[in-house]
Amino acid sequence: MKTVRVTRVVLLMLLWSVACAVQGPWIKADPDAKIYTLLDIPLSELQQHPSQHIGEIFVDRFKFYRIYRNKKDRIPSLSKQTILGKTHFTARPIKQYIHVVQIQITPEQDAWIRAKGIHRQDVVKAKVRFVGLGEGDVMAFELMEILE
């Protein structure tokens with residue numbers, strides 16, 4: 001009888017850990033949060049009035065450029081690809097391609113991106129949260145989830 005209980009507990013814990021692993025390293029948004037596209041609130045508006053939009057959530061498509069792990073990975077000649085001390089990738093929003101944005105990622109998200117085989121020039125649909133302006137007035141976002 002005791003073995004059956006232990007087996008059930010172990011099985012439940014195993015199922016729970018698998019369910020969490022499938023979910024991925026994503027940040028949950030408040031279910032009532034308003035979600036915009038980058039055409040609803042253009043990047044020029046975010047750049048001109050960043051404090052008014054900090055925390056806004058966007059879903060859009062981004063062309064993936066490069067992941068930076070630390071300052072030594074930076075290309076100094078590309079001023080829009082500077083480091084704020086967090087791992088991030090640079091991207092261009094597909095619908096506003098003249099802009100470059102920085103999308104901050106956690107080490108777990110970095111590992112997930114690499115495991116999925118996402119490379120430079122790939123297009124990803126992502127949910128991001130605006131966090132402000134970085135060095136060189138580049139718009140900085142926090143990755144919440146990759147949707148495709």
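Phe130 CZ to Leu43 CG: the interatomic distance, rounded to the nearest 0.5 Å, is 8.5 Å. Note that NE2 of His119 and CZ of Arg114 are 9.5 Å apart. Values are rounded to the nearest 0.5 Å. Taking NZ from Lys127 and CD1 from Ile27, the interatomic distance works out to 11.0 Å, rounded to the nearest 0.5 Å.
Among Gln104, Gln102, Arg129, the one residue that satisfies the side chain to side chain donor-acceptor pair (under 3.5 Å) test with Glu142 is Arg129.
The shortest distance between side-chain heavy atoms of Ile103 and Phe64 does not fall below 4.5 Å. Using a 4.5 Å heavy-atom cutoff, the side chains of Lys63 and Gln121 are in contact. Residues Ile54 and Val131 form no side-chain contact, since every pair of their non-hydrogen atoms from C-beta on lies 4.5 Å or further apart.
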Tell me, with the steps shown, if Asp60 and Ile94 meet side chain to side chain contact (heavy atoms under 4.5 Å, CB included).
CA-CA 8 Å; Asp60 227 310; Ile94 294 299; 5.7 Å; no
Which is it for His99 and Met139 under the side chain to side chain contact (heavy atoms under 4.5 Å, CB included) test, yes or no, and what are the steps along the way?
CA-CA 9 Å; His99 295 281; Met139 287 151 287; 3.9 Å; yes
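Scanning all heavy atoms of the two residues, the minimum distance from Leu46 to His53 falls at CD2-CB, 3.3 Å.
Grouping the Ile, Leu, Val, Met, Phe, Trp and Tyr side chains by contacts below 4.5 angstrom, directly or via other members, places Val59 apart from Ile146. When hydrophobic clusters are built by joining Ile, Leu, Val, Met, Phe, Trp and Tyr residues whose side-chain heavy atoms come closer than 4.5 Å, directly or via intermediates, Ile105 is not grouped with Met144.
Glu145 contributes no side-chain N or O that, together with a main-chain N or O of Trp26, makes up a donor-acceptor pair within less than 3.5 Å.
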Throw together a table of side-chain donor-acceptor distances under 3.5 angstrom for residues 34-42, partners on residues two or more places apart or in other chains.
unit_1, atom_1, unit_2, atom_2, d
Thr37, OG1, Leu39, N, 3.2
Thr37, OG1, Asp40, N, 3.3
Thr37, OG1, Asp40, OD2, 3.4
Asp40, OD2, Thr37, N, 2.8

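In this view, Ala33 and Asp30, Ile57 satisfy the side chain to side chain contact (heavy atoms under 4.5 Å, CB included) rule, not counting sequence neighbours. Under the salt bridge (charged side-chain N to carboxylate O under 4.0 Å, His left out) criterion, Arg61 pairs with Glu148, not counting sequence neighbours.
Note on ring orientation: taking the six-membered ring where Trp is involved, the planes of Phe62 and Phe141 are tilted (angle from 30° to 60°).
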